[in-house]
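Here's the structure, in structure tokens; my notes come after.
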Amino acid sequence: MRYLIISDIHANWEALEAVLAATEGKYGQILCLGDLVGYGPDPNAVVEWAREHAAMIVRGNHDRASVGLDNLEWFNPVARSAAVWTQQELTPENRDYVLNLPKGPRAVAAESSGGEPAQVCLIAHGSPLDEDGYIVSTTDAAYTFPYVEADLTFFGHSHLQGGFFWSRFQAGNLGRPKIEEEGVGLDLSPDVLYLINPGSIGQPRDHDPRAAYVLFDADQRCLYYHRCAYDVEKVQAKIRAAGLPDSLAERLAVGR
Ligand code: ZN
């Protein structure tokens, strides 16, 4: 089976909608790595969509913050004001769903189409060792890999598309995929461990404003990094109309 892997949607409905349109019919299930809400202007639309469509999901730090599970002191002023706004905005049903999102990492038995033994992957928001931990450097990855109990882990939180590998007790950086039109493929080698970040749907920070995602083919043991343009200006207008901090609108145009 093929899986659509998405993370850090951050209440950006237009970005999510564009990715769903671009991937229609190309996957069997969706795995979501958390941060449905926070920063963006459409928390209810995104949560309602996730309630219906995300087969497996873990919570993110902004999900916790938006339902009062976290002390907002840890957030910078912009993230804090967006979290407070989201708290007021979520409907009781959506709030309840976010409140009960499971903590990562979670194991997913990725099925092959022919019913062969499933490959177990992990999904996590931040590090598989700490849901709030950032994995951004090869050093972070080298510290993490020896404790990871799966060949393949999908993680988010940094909003940086890419990932790391572990081979012969050494960690390496897979690098930032350079995506023009088609996706960039990566064949997964046996005997190598991978930490894969699909990037962020709703607030990319790798200097490419297009929404980021990954398609994983469990039969072929390969994955494809993708980017997808969406109507950034429409989301910026919604952010401003909602009275959210202007910097949240500005950063979407530059992807940082
Ligand atoms: Zn995030």
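Quick caveat: nothing in here was measured; it's all calculated off a predicted structure. Just follow the structure's listing: the first ligand is 1, and inside any ligand the first atom is 1.
In terms of heavy atoms, Ser158 sits closest to Val136 at CB-CG1, 3.7 Å.
Open room surrounds OH on Tyr143; 12 or fewer heavy atoms of other groups in view lie less than 6.0 Å from it.
Among residues at least two apart or in separate chains, side-chain hydrogen bond (donor to acceptor under 3.5 Å, both in side chains) pairs with a member in residues 66-76 are Arg64-Asp70.
The main-chain N or O of Val37 is never found under 3.5 Å from a side-chain atom of His62 such that the two would form a donor-acceptor pair.
For Tyr225, there are no ring-ring contact (aromatic ring centres under 6.0 Å, His included) partners at least two apart in sequence or on another chain. Applying the side chain to side chain donor-acceptor pair (under 3.5 Å) test to Arg227 and every residue at least two apart in sequence or in another chain returns Gln161, Asp206.
Of all protein atoms, those of element N, O or S that lie under 2.8 Å from the Zn ion (ligand 1) number 4.
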